[in-house]
Amino acid sequence: MCLGIPGKILDCFESRGLRMAKVGFGGIVREACLQCIPEACVGDYVLVHVGFAIARMDEQEASRTYRLLEEMGQLNELKPSDNENGA
Amino acid sequence: MKYVDEYRSGALARNIVREIRQVQTRPWVIMEVCGGQTHSIVKHGIDELLPEGIELVHGPGCPVCVTSLEMIDKAHAIARRPEVIFTSFGDMLRVPGSEADLLTLKSQGADVRVVYSPLDALKIARANPEKKVVFFAIGFETTAPANATAVWQAKREGVKNFSMLVSHVLVPPAIAAILQAPQNRVQGFLGPGHVCAVRGFGEYEAISSRFRVPIAITGFEPLDILEGTLMVVRQLESGRAKVENQYVRAVRREGNRMAQELMSEVFEICDRKWRGVGAIPKSGYRLRSEFRDHDAGRLFEVEEIDTQEPAACISGQILKGVKKPHDCPAFGTSCTPQHPLGATMVSAEGACAAYYLYGRHLRKEETGHVT
Ligand code: SF4
């Protein structure tokens with residue numbers, strides 16, 4: 001229910017006074033309300049939940065977290081093996 | 001999006017599991033609060049991947065599951081009225097009330113429509129001025145800004161035939177209730193990432209220091225959940241208790257300020273009854289009096305209906321993390337997603353449905369127990 005799906009803003013427009021956007025999720029394009037992310041613009045990634053953008057997704061943070069996780073793995077490789085059974 | 005697939009990498013997952021194993025010296029019980037996380041955990045078998053002694057218990061974080069039976073019955077009473085178009089998120093359709101579910105009412109002629117967004121319900125109201133359009137506003141803090149916007153916009157535009165039956169619930173009071181319960185086993189929490197994207201995590205810092213419990217605000221991908229678990233285990237092992245943010249790519253400490261302003265303009269905090277759990281003080285939102293013309297609970301004066309949960313259903317204890325779906329004698333036998341006895345079997349994010357969906361009832365028959 002609290003699922004938020006990250007999508008890319010393709011177009012911004014106004015409808016009845018509400019800030020709206022066309023957001024692409026992979027191949028699918030849907031409308032989302034941008035009322036609470038006023039700074040978001042075309043090309044940004046937003047987290048969309050029930051047709052409403054609730055947060056901007058930080059791509060830099062996404063890659064940084066990922067790199068940290070990756071480094072953690074690499075550091076592990078340097079440690080003596082604990083006979084990982086590949087759980 | 002880039003970095004979605006990466007957060008599902010199996011090799012990295014094994015590395016984090018190994019790291020947890022290296023840090024861990026004794027058993028710990030950790031609760032994931034959010035139903036989306038429960039779903040992801042069961043789907044990817046994360047609980048079975050974790051080292052022995054790290055137990056993930058499933059929290060009350062499925063709004064469909066915790067919407068009280070009284071509220072469901074109220075919704076049904078409204079949906080039955082001939083002048084009403086009743087709109088709802090799809091997962092509410094099969095939640096059993098005392099007598100029926102919305103799908104059954106629909107087959108009996110009620111105008112029940114599934115919407116993807118509350119703004120779609122508002123569109124239906126504009127297009128059907130002769131009808132009364134009611135939206136069943138359930139959800140946690142994640143959903144509240146969208147629901148608030150729909151009713152705020154209806155008032156601004158003067159869409160008089162649009163109203164909401166509000167049954168919003170809030171996460172922090174539920175966590176506090178779980179920690180205060182005498183039978184509590186939970187020692188650390190994976191905090192709800194999307195709720196915190198909206199609310200921020202100040203409230204969780206207060207809980208963490210009050211109850212001396214570690215919390216990692218966590219995302220929904222397998223690697224997020226594993227990393228959140230590692231953060232909590234590290235804290236538990238070193239005797240620390242604070243809030244850490246695993247889900248940095250979406251969550252900031254202050255959350256979404258504009259969304260918070262909108263929510264507090266439209267909603268006010270109230271006591272709320274949770275299905276299976278009971279009343280929790282100050283754990284819900286209701287519409288402020290300025291929006292009373294859009295308050296379906298007021299407009300349709302539905303009386304309190306005397307309700308009874310099926311005696312066999314132990315979902316209350318499952319929602320509090322005391323029991324698992326396997327512990328329920330009805331699980332997978334008299335209770336299935338096709339014939340749910342309790343709400344936790346209805347929504348895909350309910351623990352019982354997630355266990356059923358990913359075949360754990362089959363293994364239950366083979367082995368008796370899987371945890
Ligand atoms: S399996 Fe069905 S009856 Fe048992 S706790 Fe879950 S929802 Fe309730």
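Chain A is the first sequence line, chain B the second, and so forth, proteins listed ahead of strands; every chain is numbered from 1. Quantities reported herein were computed from a predicted structural model and do not represent experimental measurements.
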*Identify which of B:Asn147, B:Leu262, B:Val251, B:Asn256 forms the greatest number of heavy-atom pairs closer than 4.5 Å to chain A.*
B:Asn256
*Heavy-atom pairs under 4.5 Å with chain A are the metric here; pick the option from B:Leu119, B:Leu50, B:Thr149 that has the most.*
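The option with the most such pairs is B:Thr149.
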*Does the B:Asp120 side chain pair with the main chain of B:Val115, one donor and one acceptor, at a distance under 3.5 Å?*
no
*Within the side chain of B:Gln37, is there an N or O that forms a donor-acceptor pair under 3.5 Å with the backbone of B:Gly191?*
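Yes, because the side chain of B:Gln37 sits within donor-acceptor range (under 3.5 Å) of the backbone of B:Gly191.
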_Given heavy-atom pairs under 4.5 angstrom as the criterion, report whether the side chain, backbone, both or neither of B:Arg252 touches chain A._
side chain
*Answer with side chain, backbone, both or neither: which region of B:Arg199 has an atom nearer than 4.5 Å to a non-hydrogen atom of chain A?*
neither
_Please tell me whether B:Phe140 and B:His168 form a close aromatic pair, meaning their ring centres lie under 6.0 Å apart._
no
_Does any part of the side chain of A:Leu47, heavy atoms only, come nearer than 4.5 Å to the side chain of B:His194, both counted from C-beta?_
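When only atoms from C-beta onward are counted, A:Leu47 and B:His194 do touch, with a gap below 4.5 Å.
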*B:Thr218 and B:Gln246: side-chain donor and acceptor closer than 3.5 Å?*
no
_Choice from A:Lys8, A:Arg56, A:Arg30 maximising heavy atom contacts with chain B below 4.5 Å_ =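 Heavy-atom pair counts peak at A:Arg30.
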